[in-house]
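What follows is one structure encoded as structure tokens, with my remarks underneath.
This one's a predicted model, so the numbers in the text were calculated from it and none came from an experiment. One-based numbering along the sequence shown.
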Amino acid sequence: MNRPVRAVLAALVLALWPALALAQAAPVAILYPDVREPYRSVFAKIVEGIQAGLKVPSDKYMVEETDDIAALGTRLRDEQVKVVVALGRLGMLAIRKFPPGLPVVMGAVLVVHSPESAAYSGIALTPDPEVLFDWLKSLVAPVKRVTVIYNQGRDEWMMVRAREAAKRRGLALNTLPAGNIREAANLYRDFFGQIKDNSEALWLPQDNSTLDETALLPAVLKEAWEKNLVVFSNNPEHVKKGVLFSLYPDNEGLGHSLAALAQEWLPGGGKPPGILPLKDLLIAVNSRTAEHLGLRISSQDKRKFNLIFPSP
């Protein structure tokens, strides 16, 4: 091929490049953060689940939070991407900075409810109260009343779901809002002063604004141990410290559920829901605490648990 012909072909390719790019764009883009281990492996597993669950092609993008998120959103829109699945804090950045008309499904985020997030869909890292209460009833049938001290501005949406879930299971839910650690500490003190029998349980949210991990949590667990009180948590790290049980994400399962949400935004999909609690969950149990509470956990029961502390 002589030089003039190559020049003409090169010019033709450059002229057609935007159209070629549009033709090659996958309908779903997956954004996940560039972070260190062990979180890198967590996000990789979620992405694996998303790609396995999608019925259409997808492209994945590892993004740093310092990247130009607005420019990336414009590029994806111009490439005719139909929906973006954004993981971690990238989800909130995307809904704030992406151009209008580019749907975002958020996943693997703790704080998801804000005025901006109302028009989007996604899955929080907060365990679904229905699953929590099902495990509570399974492990400790005598419990009739659950108390939770929580940040009203952040977690009221979850308390709305929790009240309904508790009612359906015959549980009374005592929700006590606190604005800061001092208020929360006072509420915990009053709560422990009123415990009468083993029909009570305490639910700990994953929230540093109402449960300081270094001072308040050890005091709560010490008091609970002395009073033989059942305590369960949204944070699996608490199980190592003495909480009876906690639920934590099944990362690949979460990916499949996010894929199903993304499908809702594609042509022919259904009606995308708003923000949902996490239903893809595994369970961690503290066998020493269970023994202290007098709970009988059989070998068959143990096979249902994904993590047992202390390690057998």
Side-chain angles (χ1 to χ4, degrees), residues 26 28-67 69 72 76 81 83-95 104-112 120-128 131-132 135 204-208 213 217 232-241 243 245-263 275-287 302-312:
V28 178
I30 305 167
L31 311 188
Y32 62 105
D34 182 5
V35 292
R36 291 179 295 181
E37 294 289 0
Y39 304 106
R40 179 182 290 258
S41 295
V42 169
F43 284 112
K45 204 67 179 175
I46 298 172
V47 171
E48 186 179 318
I50 296 170
Q51 293 191 302
L54 285 170
K55 299 173 184 175
V56 296
S58 63
D59 291 323
K60 57 183 182 179
Y61 303 81
M62 183 183 285
V63 180
E64 294 186 8
E65 290 187 5
T66 54
D67 289 348
I69 301 297
L72 175 59
L76 295 175
V81 167
V83 58
V84 175
V85 182
L87 305 179
R89 279 171 36 85
L90 290 172
M92 293 302 293
L93 292 174
I95 64 171
V104 175
V105 172
M106 296 187 291
V109 286
L110 276 174
V111 181
V112 293
Y120 293 83
S121 61
I123 299 175
L125 281 177
T126 308
D128 190 324
V131 188
L132 274 171
W135 273 111
L204 303 180
Q206 187 170 2
D207 177 15
N208 290 334
E213 297 281 330
L217 177 63
F232 61 101
S233 171
N234 285 5
N235 187 345
E237 290 297 316
H238 291 172
V239 180
K240 295 179 186 175
K241 298 175 181 177
V243 164
F245 78 93
S246 176
L247 303 181
Y248 62 99
D250 170 356
N251 295 316
E252 189 169 352
L254 169 58
H256 280 269
S257 296
L258 288 169
L261 282 185
Q263 293 284 158
I275 303 299
L276 304 172
L278 181 62
K279 286 182 177 291
D280 303 288
L281 293 160
L282 306 175
I283 183 168
V285 173
N286 189 311
S287 59
K302 289 181 179 178
R303 285 196 287 271
K304 301 175 185 174
F305 305 149
N306 303 98
L307 286 175
I308 297 177
F309 296 102
S311 300

Would D34 and D67 count as a side chain to side chain contact (heavy atoms under 4.5 Å, CB included) here? Give the steps. CA-CA 11 Å; D34 182 5; D67 289 348; over 6 Å; no
Say whether, by atom type as modelled, one donor and one acceptor occur between the side chain of E37 and the main chain of S41 under 3.5 angstrom. yes
Between S246 and S233, is there a donor-acceptor pair closer than 3.5 Å when you use the side chain of the first and the backbone of the second? yes
Decide side chain to side chain contact (heavy atoms under 4.5 Å, CB included) for E213 and E237; before the verdict, give the C-alpha distance in whole Å, the side-chain angles of both, and the deciding distance to 0.1 Å. CA-CA 10 Å; E213 297 281 330; E237 290 297 316; 5.9 Å; no
Looking only at heavy atoms, which two atoms of [X] and [Y] are closest? And how far apart?
| X | Y | value |
| --- | --- | --- |
| F43 | G88 | CE2-N, 4.0 Å |
| I283 | F305 | CG2-CA, 3.7 Å |
| L125 | P249 | CD2-CG, 3.8 Å |
| A262 | V83 | O-CG1, 3.8 Å |
| Q51 | S58 | NE2-OG, 3.1 Å |
| A86 | V104 | CB-CG1, 4.2 Å |

Can you find a pair of side-chain heavy atoms, one from [X] and one from [Y], that are under 4.5 Å apart?
| X | Y | result |
| --- | --- | --- |
| P277 | P127 | no |
| L31 | I69 | no |
| L278 | L254 | yes |
| F245 | L132 | yes |
| I46 | Y32 | no |
| V285 | K302 | no |
| N286 | V243 | no |

Can you check side chain to side chain donor-acceptor pair (under 3.5 Å) on H238 and Q206, steps first, answer last? CA-CA 9 Å; H238 291 172; Q206 187 170 2; over 6 Å; no
N208: what forms a side chain to side chain donor-acceptor pair (under 3.5 Å) with it, not counting sequence neighbours? none
I'd like to know whether NZ of K60 has more than 12 heavy-atom contacts from other residues, nucleotides or ligands below 6.0 angstrom. no
Nearest-0.5 Å distance, NZ of residue K241 to CG of residue L217: 5.5 Å
Which value, rounded to the nearest 0.5 Å, describes the distance between L282 atom CG and N306 atom CG? 4.0 Å
Can you tell me which residue pairs pass the side chain to side chain donor-acceptor pair (under 3.5 Å) test with a partner in residues 248-257, sequence neighbours excluded? S257-D280
Does V109 form a side chain to side chain contact (heavy atoms under 4.5 Å, CB included) with R89? I'd like the steps, not just the answer. CA-CA 6 Å; V109 286; R89 279 171 36 85; 5.8 Å; no
Dump the intermediate steps for side chain to side chain contact (heavy atoms under 4.5 Å, CB included) on L204 and N235, then the final yes or no. CA-CA 8 Å; L204 303 180; N235 187 345; over 6 Å; no
Tested for side-chain contact (heavy atoms from CB on, under 4.5 Å) against I50, the lone hit among V105, L261, L87 is L87
